[in-house]
Amino acid sequence: MTGADADAGRGVGAAAATAGTDALQSVLAAENAAIFGYGVAGAYLAGARQGTATAFWNDHRSASDTLAAMLRARGTQPVAADDAYKMPFPVHTSGEAVALATFLEDGVTTAYLGLVAAGDAGLRRFGARAMQDCAVRAAFWRGSSLAFPGFPGFPPTR
Amino acid sequence: MADPTRRRVLTTSMLAALAAAGSAGCASGRPWPWATPPKPAPDVGVLRDVIAAEDAMISRYAAVISAFPALTGTVSPLLRQHQQHLVQLRARLVIPAGAPSPSASPSATAHPRRPRIPLSQAAAISYLRAAERDEAAALIGWLAAVTPSLAQLFASIGASEATHVAVLRSARSPR
(Lines give C-alpha, C1' and ligand atoms only; values in the text may rest on other atoms or scores of the structure.)
Protein backbone atom coordinates (compact mmCIF):
# COMPACT_ATOMS: atom_id res chain seq x y z
CA MET A 1 0.00 0.00 0.00
CA THR A 2 1.34 3.40 -0.90
CA GLY A 3 1.25 6.44 1.34
CA ALA A 4 -1.47 7.86 -0.89
CA ASP A 5 -3.53 4.66 -0.47
CA ALA A 6 -3.13 4.85 3.29
CA ASP A 7 -4.21 8.48 3.28
CA ALA A 8 -7.21 7.59 1.11
CA GLY A 9 -8.11 4.73 3.47
CA ARG A 10 -7.94 7.02 6.47
CA GLY A 11 -10.10 9.52 4.59
CA VAL A 12 -12.75 6.90 3.87
CA GLY A 13 -12.65 5.69 7.47
CA ALA A 14 -12.99 9.23 8.77
CA ALA A 15 -15.90 9.91 6.42
CA ALA A 16 -17.66 6.74 7.60
CA ALA A 17 -17.12 7.69 11.24
CA THR A 18 -18.51 11.17 10.57
CA ALA A 19 -21.55 9.69 8.80
CA GLY A 20 -22.14 7.39 11.77
CA THR A 21 -21.85 10.27 14.22
CA ASP A 22 -24.22 12.43 12.17
CA ALA A 23 -26.73 9.57 12.01
CA LEU A 24 -26.48 9.05 15.77
CA GLN A 25 -27.21 12.76 16.30
CA SER A 26 -30.27 12.47 14.04
CA VAL A 27 -31.53 9.47 15.97
CA LEU A 28 -30.93 11.26 19.28
CA ALA A 29 -32.90 14.25 18.00
CA ALA A 30 -35.74 11.89 17.07
CA GLU A 31 -35.67 10.24 20.50
CA ASN A 32 -35.75 13.65 22.19
CA ALA A 33 -38.78 14.62 20.11
CA ALA A 34 -40.50 11.34 21.01
CA ILE A 35 -39.91 11.99 24.72
CA PHE A 36 -41.63 15.36 24.36
CA GLY A 37 -44.44 13.88 22.28
CA TYR A 38 -45.16 11.11 24.77
CA GLY A 39 -45.48 13.76 27.45
CA VAL A 40 -48.30 15.31 25.42
CA ALA A 41 -49.92 11.99 24.49
CA GLY A 42 -49.79 10.69 28.04
CA ALA A 43 -51.76 13.68 29.27
CA TYR A 44 -54.76 12.57 27.17
CA LEU A 45 -54.59 8.87 28.02
CA ALA A 46 -55.86 7.06 31.09
CA GLY A 47 -55.66 3.69 32.76
CA ALA A 48 -53.71 0.92 31.08
CA ARG A 49 -53.02 3.02 28.01
CA GLN A 50 -51.45 5.75 30.10
CA GLY A 51 -49.37 3.11 31.86
CA THR A 52 -48.19 1.81 28.51
CA ALA A 53 -47.40 5.34 27.32
CA THR A 54 -45.34 5.89 30.46
CA ALA A 55 -43.43 2.66 29.89
CA PHE A 56 -42.74 3.60 26.27
CA TRP A 57 -41.73 7.14 27.35
CA ASN A 58 -39.17 5.53 29.67
CA ASP A 59 -37.93 3.37 26.80
CA HIS A 60 -37.22 6.51 24.79
CA ARG A 61 -35.54 8.24 27.73
CA SER A 62 -33.29 5.22 28.15
CA ALA A 63 -32.52 5.19 24.42
CA SER A 64 -31.71 8.89 24.54
CA ASP A 65 -29.26 8.32 27.41
CA THR A 66 -27.61 5.47 25.51
CA LEU A 67 -27.24 7.53 22.35
CA ALA A 68 -25.81 10.49 24.25
CA ALA A 69 -23.24 8.20 25.84
CA MET A 70 -22.32 6.75 22.44
CA LEU A 71 -21.80 10.24 21.04
CA ARG A 72 -19.67 11.33 23.99
CA ALA A 73 -17.57 8.19 23.51
CA ARG A 74 -16.94 9.45 19.97
CA GLY A 75 -15.82 12.79 21.33
CA THR A 76 -18.98 14.55 20.18
CA GLN A 77 -21.34 16.72 22.21
CA PRO A 78 -24.86 15.20 21.99
CA VAL A 79 -27.50 17.40 20.40
CA ALA A 80 -29.80 19.00 22.97
CA ALA A 81 -33.56 18.55 23.03
CA ASP A 82 -35.71 21.47 21.95
CA ASP A 83 -38.06 23.09 24.43
CA ALA A 84 -41.11 22.23 22.35
CA TYR A 85 -42.01 20.56 19.06
CA LYS A 86 -44.77 21.44 16.62
CA MET A 87 -47.58 18.92 16.88
CA PRO A 88 -48.38 17.17 13.59
CA PHE A 89 -52.11 17.62 14.34
CA PRO A 90 -54.21 18.87 17.26
CA VAL A 91 -54.24 16.50 20.23
CA HIS A 92 -57.21 16.88 22.56
CA THR A 93 -58.63 13.34 22.83
CA SER A 94 -57.42 9.87 23.67
CA GLY A 95 -57.83 8.83 20.04
CA GLU A 96 -55.65 11.71 18.91
CA ALA A 97 -53.13 10.83 21.61
CA VAL A 98 -52.93 7.29 20.26
CA ALA A 99 -52.45 8.69 16.75
CA LEU A 100 -49.67 10.92 18.07
CA ALA A 101 -47.95 7.99 19.77
CA THR A 102 -48.12 6.06 16.50
CA PHE A 103 -46.68 9.06 14.65
CA LEU A 104 -43.82 9.27 17.16
CA GLU A 105 -42.88 5.61 16.91
CA ASP A 106 -43.05 5.64 13.12
CA GLY A 107 -40.81 8.71 13.05
CA VAL A 108 -38.19 7.27 15.36
CA THR A 109 -38.23 4.02 13.36
CA THR A 110 -37.38 6.01 10.24
CA ALA A 111 -34.57 7.82 12.06
CA TYR A 112 -33.00 4.49 13.03
CA LEU A 113 -33.33 3.35 9.40
CA GLY A 114 -30.92 6.17 8.54
CA LEU A 115 -28.46 4.86 11.10
CA VAL A 116 -28.61 1.40 9.51
CA ALA A 117 -27.40 2.89 6.21
CA ALA A 118 -24.83 5.28 7.64
CA GLY A 119 -23.16 3.28 10.34
CA ASP A 120 -20.53 0.56 10.53
CA ALA A 121 -21.53 -3.05 11.25
CA GLY A 122 -22.02 -2.37 14.95
CA LEU A 123 -24.17 0.69 14.38
CA ARG A 124 -26.18 -1.18 11.76
CA ARG A 125 -27.06 -3.89 14.26
CA PHE A 126 -27.80 -1.34 16.96
CA GLY A 127 -30.05 0.60 14.61
CA ALA A 128 -31.86 -2.51 13.39
CA ARG A 129 -32.57 -3.73 16.93
CA ALA A 130 -33.89 -0.30 17.85
CA MET A 131 -36.08 -0.34 14.73
CA GLN A 132 -37.63 -3.59 15.93
CA ASP A 133 -38.42 -2.06 19.33
CA CYS A 134 -39.96 1.06 17.77
CA ALA A 135 -41.97 -0.95 15.24
CA VAL A 136 -43.39 -3.17 17.98
CA ARG A 137 -44.46 -0.10 19.97
CA ALA A 138 -45.97 1.43 16.83
CA ALA A 139 -47.86 -1.80 16.15
CA PHE A 140 -49.24 -1.69 19.68
CA TRP A 141 -50.74 1.76 19.11
CA ARG A 142 -51.79 1.06 15.53
CA GLY A 143 -53.28 -2.33 16.35
CA SER A 144 -51.65 -3.91 13.32
CA SER A 145 -48.27 -4.46 11.73
CA LEU A 146 -46.65 -2.86 8.68
CA ALA A 147 -44.82 -4.66 5.90
CA PHE A 148 -41.97 -2.13 5.83
CA PRO A 149 -41.58 -0.17 9.07
CA GLY A 150 -39.33 2.86 8.74
CA PHE A 151 -40.05 3.47 5.07
CA PRO A 152 -42.54 6.34 4.92
CA GLY A 153 -43.85 5.13 1.56
CA PHE A 154 -44.38 1.70 0.18
CA PRO A 155 -42.69 0.11 -1.64
CA PRO A 156 -39.26 1.25 -0.47
CA THR A 157 -37.18 3.06 -3.07
CA ARG A 158 -33.63 2.08 -3.82
CA MET B 1 9.95 3.11 -44.27
CA ALA B 2 8.27 -0.31 -44.96
CA ASP B 3 7.87 -1.52 -48.49
CA PRO B 4 4.21 -0.77 -49.49
CA THR B 5 4.06 -3.84 -51.71
CA ARG B 6 5.28 -6.12 -48.90
CA ARG B 7 2.74 -4.60 -46.46
CA ARG B 8 -0.09 -5.19 -48.91
CA VAL B 9 0.92 -8.83 -49.32
CA LEU B 10 1.05 -9.38 -45.54
CA THR B 11 -2.34 -7.75 -44.99
CA THR B 12 -3.92 -9.84 -47.69
CA SER B 13 -2.53 -13.05 -46.22
CA MET B 14 -3.70 -12.13 -42.68
CA LEU B 15 -7.21 -11.41 -43.88
CA ALA B 16 -7.28 -14.73 -45.69
CA ALA B 17 -6.25 -16.53 -42.50
CA LEU B 18 -8.91 -14.74 -40.43
CA ALA B 19 -11.57 -15.49 -43.03
CA ALA B 20 -10.61 -19.17 -42.88
CA ALA B 21 -10.89 -19.13 -39.07
CA GLY B 22 -14.32 -17.52 -39.29
CA SER B 23 -15.64 -20.01 -41.81
CA ALA B 24 -14.29 -22.86 -39.67
CA GLY B 25 -16.53 -21.70 -36.80
CA CYS B 26 -13.70 -20.90 -34.42
CA ALA B 27 -12.90 -24.55 -33.88
CA SER B 28 -9.62 -23.58 -32.26
CA GLY B 29 -8.28 -20.61 -30.35
CA ARG B 30 -8.97 -19.08 -26.99
CA PRO B 31 -12.56 -18.34 -25.79
CA TRP B 32 -13.57 -14.71 -25.76
CA PRO B 33 -12.51 -13.01 -22.51
CA TRP B 34 -16.10 -12.11 -21.67
CA ALA B 35 -17.41 -15.65 -22.27
CA THR B 36 -17.38 -16.17 -18.47
CA PRO B 37 -19.50 -13.54 -16.71
CA PRO B 38 -18.15 -12.02 -13.52
CA LYS B 39 -18.91 -13.73 -10.24
CA PRO B 40 -21.98 -12.33 -8.46
CA ALA B 41 -21.21 -9.82 -5.72
CA PRO B 42 -20.78 -11.33 -2.24
CA ASP B 43 -24.08 -9.92 -1.01
CA VAL B 44 -25.94 -11.84 -3.73
CA GLY B 45 -25.37 -15.04 -1.76
CA VAL B 46 -26.72 -13.40 1.39
CA LEU B 47 -29.72 -12.08 -0.50
CA ARG B 48 -30.47 -15.56 -1.81
CA ASP B 49 -30.33 -16.90 1.74
CA VAL B 50 -32.79 -14.26 2.89
CA ILE B 51 -35.08 -15.01 -0.04
CA ALA B 52 -34.96 -18.70 0.83
CA ALA B 53 -35.82 -17.89 4.44
CA GLU B 54 -38.74 -15.70 3.35
CA ASP B 55 -39.96 -18.46 1.04
CA ALA B 56 -39.83 -20.90 3.94
CA MET B 57 -41.79 -18.48 6.13
CA ILE B 58 -44.51 -18.19 3.49
CA SER B 59 -44.65 -21.99 3.29
CA ARG B 60 -45.14 -22.19 7.05
CA TYR B 61 -48.02 -19.72 6.97
CA ALA B 62 -49.65 -21.48 4.03
CA ALA B 63 -49.36 -24.81 5.81
CA VAL B 64 -50.87 -23.41 9.02
CA ILE B 65 -53.80 -21.89 7.12
CA SER B 66 -54.31 -25.16 5.29
CA ALA B 67 -54.30 -27.16 8.53
CA PHE B 68 -56.35 -24.66 10.56
CA PRO B 69 -58.67 -22.58 8.33
CA ALA B 70 -60.10 -20.91 11.45
CA LEU B 71 -56.77 -19.10 11.83
CA THR B 72 -57.01 -17.49 8.39
CA GLY B 73 -58.28 -14.16 9.69
CA THR B 74 -55.46 -13.91 12.20
CA VAL B 75 -52.50 -14.95 10.11
CA SER B 76 -53.47 -13.92 6.55
CA PRO B 77 -52.47 -10.25 7.04
CA LEU B 78 -49.05 -11.39 8.19
CA LEU B 79 -48.74 -13.81 5.27
CA ARG B 80 -49.53 -10.97 2.85
CA GLN B 81 -46.75 -8.89 4.37
CA HIS B 82 -44.30 -11.75 3.92
CA GLN B 83 -45.34 -11.96 0.29
CA GLN B 84 -44.61 -8.23 -0.01
CA HIS B 85 -41.20 -8.82 1.55
CA LEU B 86 -40.48 -11.52 -1.00
CA VAL B 87 -41.39 -9.28 -3.92
CA GLN B 88 -38.99 -6.58 -2.72
CA LEU B 89 -36.19 -9.04 -2.00
CA ARG B 90 -36.48 -10.72 -5.39
CA ALA B 91 -36.45 -7.32 -7.10
CA ARG B 92 -33.00 -6.70 -5.60
CA LEU B 93 -31.57 -9.98 -6.89
CA VAL B 94 -29.52 -9.31 -10.02
CA ILE B 95 -27.34 -12.12 -11.35
CA PRO B 96 -25.63 -11.89 -14.78
CA ALA B 97 -26.84 -14.61 -17.15
CA GLY B 98 -24.54 -17.58 -17.03
CA ALA B 99 -22.76 -16.45 -13.88
CA PRO B 100 -21.81 -19.14 -11.38
CA SER B 101 -24.48 -19.51 -8.74
CA PRO B 102 -23.40 -18.52 -5.24
CA SER B 103 -23.36 -21.55 -3.01
CA ALA B 104 -26.24 -21.72 -0.58
CA SER B 105 -25.23 -21.39 3.02
CA PRO B 106 -26.28 -24.02 5.59
CA SER B 107 -28.81 -21.55 7.00
CA ALA B 108 -30.55 -21.36 3.64
CA THR B 109 -30.96 -25.10 3.41
CA ALA B 110 -31.96 -25.57 7.04
CA HIS B 111 -35.57 -24.65 6.35
CA PRO B 112 -37.67 -27.66 5.45
CA ARG B 113 -39.56 -27.59 2.16
CA ARG B 114 -42.67 -29.07 3.73
CA PRO B 115 -43.01 -27.68 7.23
CA ARG B 116 -44.37 -29.98 9.91
CA ILE B 117 -47.30 -28.20 11.46
CA PRO B 118 -48.17 -28.70 15.15
CA LEU B 119 -51.39 -30.49 15.94
CA SER B 120 -53.27 -27.71 17.72
CA GLN B 121 -54.13 -24.14 16.78
CA ALA B 122 -52.40 -22.73 19.83
CA ALA B 123 -49.26 -24.69 19.04
CA ALA B 124 -49.43 -23.54 15.42
CA ILE B 125 -49.49 -19.91 16.57
CA SER B 126 -46.51 -20.58 18.83
CA TYR B 127 -44.73 -22.26 15.93
CA LEU B 128 -45.19 -19.21 13.70
CA ARG B 129 -44.21 -16.86 16.50
CA ALA B 130 -40.94 -18.74 17.10
CA ALA B 131 -40.17 -18.71 13.38
CA GLU B 132 -40.78 -14.96 13.19
CA ARG B 133 -38.59 -14.31 16.21
CA ASP B 134 -35.75 -16.41 14.79
CA GLU B 135 -35.99 -14.72 11.40
CA ALA B 136 -36.03 -11.21 12.86
CA ALA B 137 -32.84 -12.06 14.75
CA ALA B 138 -31.22 -13.71 11.72
CA LEU B 139 -31.80 -10.62 9.59
CA ILE B 140 -29.75 -8.56 12.04
CA GLY B 141 -26.93 -11.05 11.67
CA TRP B 142 -26.95 -10.62 7.91
CA LEU B 143 -26.72 -6.82 7.94
CA ALA B 144 -22.95 -6.50 7.91
CA ALA B 145 -22.53 -8.41 4.66
CA VAL B 146 -24.68 -6.27 2.39
CA THR B 147 -24.85 -2.80 0.89
CA PRO B 148 -26.39 0.05 2.92
CA SER B 149 -29.52 0.00 0.76
CA LEU B 150 -30.02 -3.73 1.21
CA ALA B 151 -29.23 -3.41 4.92
CA GLN B 152 -32.11 -0.95 5.24
CA LEU B 153 -34.47 -3.37 3.51
CA PHE B 154 -33.34 -6.24 5.77
CA ALA B 155 -33.71 -4.03 8.86
CA SER B 156 -37.21 -2.99 7.83
CA ILE B 157 -38.28 -6.57 7.12
CA GLY B 158 -36.79 -7.62 10.47
CA ALA B 159 -38.80 -4.90 12.19
CA SER B 160 -41.94 -6.10 10.45
CA GLU B 161 -41.26 -9.64 11.62
CA ALA B 162 -40.70 -8.40 15.17
CA THR B 163 -44.19 -6.86 15.04
CA HIS B 164 -45.53 -10.20 13.80
CA VAL B 165 -44.16 -11.80 16.96
CA ALA B 166 -46.14 -9.27 19.00
CA VAL B 167 -49.30 -9.75 16.92
CA LEU B 168 -49.09 -13.53 17.25
CA ARG B 169 -48.43 -13.25 20.98
CA SER B 170 -51.68 -11.36 21.44
CA ALA B 171 -53.60 -13.62 19.03
CA ARG B 172 -56.16 -15.89 20.59
CA SER B 173 -57.14 -19.12 18.96
CA PRO B 174 -60.70 -19.03 17.59
CA ARG B 175 -63.03 -21.41 19.38
Side-chain angles (χ1 to χ4, degrees), chain A residues 12 15-16 19-20 22-23 26-27 48-49 52 55-56 59 102 105-158, chain B residues 43 46 50 54 57-58 73-94 128-129 132-171:
Chain A
V12 170
D22 290 349
S26 295
V27 174
R49 278 181 166 182
T52 300
F56 290 176
D59 287 344
T102 309
E105 296 295 355
D106 285 348
V108 181
T109 306
T110 299
Y112 278 109
L113 188 67
L115 183 60
V116 168
D120 57 23
L123 287 183
R124 279 187 182 189
R125 286 191 289 270
F126 174 80
R129 287 194 188 96
M131 279 182 69
Q132 295 189 4
D133 293 339
C134 295
V136 168
R137 290 190 293 258
F140 172 83
W141 294 120
R142 182 179 280 112
S144 62
S145 59
L146 295 178
F148 296 100
F151 285 103
F154 173 79
T157 54
R158 295 184 192 195
Chain B
D43 61 355
V46 175
V50 174
E54 198 66 48
M57 190 70 82
I58 288 170
T74 302
V75 303
S76 281
L78 310 185
L79 170 59
R80 279 195 293 276
Q81 290 180 352
H82 282 296
Q83 290 165 337
Q84 290 176 298
H85 298 164
L86 190 59
V87 167
Q88 289 300 318
L89 290 167
R90 283 186 172 151
R92 308 291 180 106
L93 186 63
V94 179
L128 291 177
R129 194 171 65 229
E132 295 275 13
R133 188 186 57 233
D134 291 348
E135 204 52 41
L139 278 165
I140 289 177
W142 273 312
L143 290 177
V146 297
T147 62
S149 167
L150 204 49
Q152 286 186 313
L153 181 60
F154 285 7
S156 181
I157 290 174
S160 178
E161 292 175 343
T163 65
H164 292 181
V165 175
V167 169
L168 291 167
R169 187 179 294 124
S170 61

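Given the structure is predicted, the values throughout are model-derived calculations rather than measurements. Each chain gets a letter, A, B and so on, in the order the sequences are listed, and its residues count up from 1.
The closest donor-acceptor contact from the side chain of B:His164 to the backbone of A:Ser145 lies at 3.5 Å or more, if one exists at all. Although no hydrogens or angles enter the test, the distance criterion places no donor-acceptor pair under 3.5 Å between the side chain of B:Thr163 and the main chain of A:Val136. When atom types are taken as modelled, the side chain of B:Gln152 and the backbone of A:Val116 share no donor-acceptor pair closer than 3.5 angstrom.
Among B:Gln83, B:His82, B:His85, the residue with the largest count of heavy-atom pairs under 4.5 Å with chain A is B:His85. Contacts with chain A were tallied for B:Ser156, B:Ala151, B:Ala162; B:Ser156 has the most, counting heavy-atom pairs under 4.5 Å.
If you measure heavy-atom distances from A:Arg137 to chain B, you find no contacts under 4.5 Å at all. Only the side chain of A:Ala139 has a heavy atom closer than 4.5 Å to any heavy atom of chain B. With a 4.5 Å cut-off on non-hydrogen atoms, B:Ala166 touches chain A through its side chain but not through its backbone. Proximity to chain A (any heavy atom under 4.5 Å) is shown, for B:Leu139, by neither the backbone nor the side chain. Residue A:Leu113 touches chain B through both its backbone and its side chain, counting heavy-atom pairs closer than 4.5 Å.
Taking every heavy atom of both residues into account, A:Phe148 and B:Gln84 meet most closely at CZ-O, 3.6 Å. Contact between A:Ala117 and B:Pro148 at its shortest, heavy atoms only, is O-CB, 3.6 Å. The two residues B:Ala144 and A:Arg125 come nearest to each other via the heavy atoms CB-NH1, 4.2 Å.
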> Can B:Val146 and A:Arg124 be said to form a side-chain contact (heavy atoms from CB on, under 4.5 Å), step by step?
Replying inline: CA-CA 11 Å; B:Val146 297; A:Arg124 279 187 182 189; 4.2 Å; yes
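Atom CD1 of residue B:Ile140 and atom CZ of residue A:Arg129 lie 5.0 Å apart, to the nearest 0.5 angstrom.
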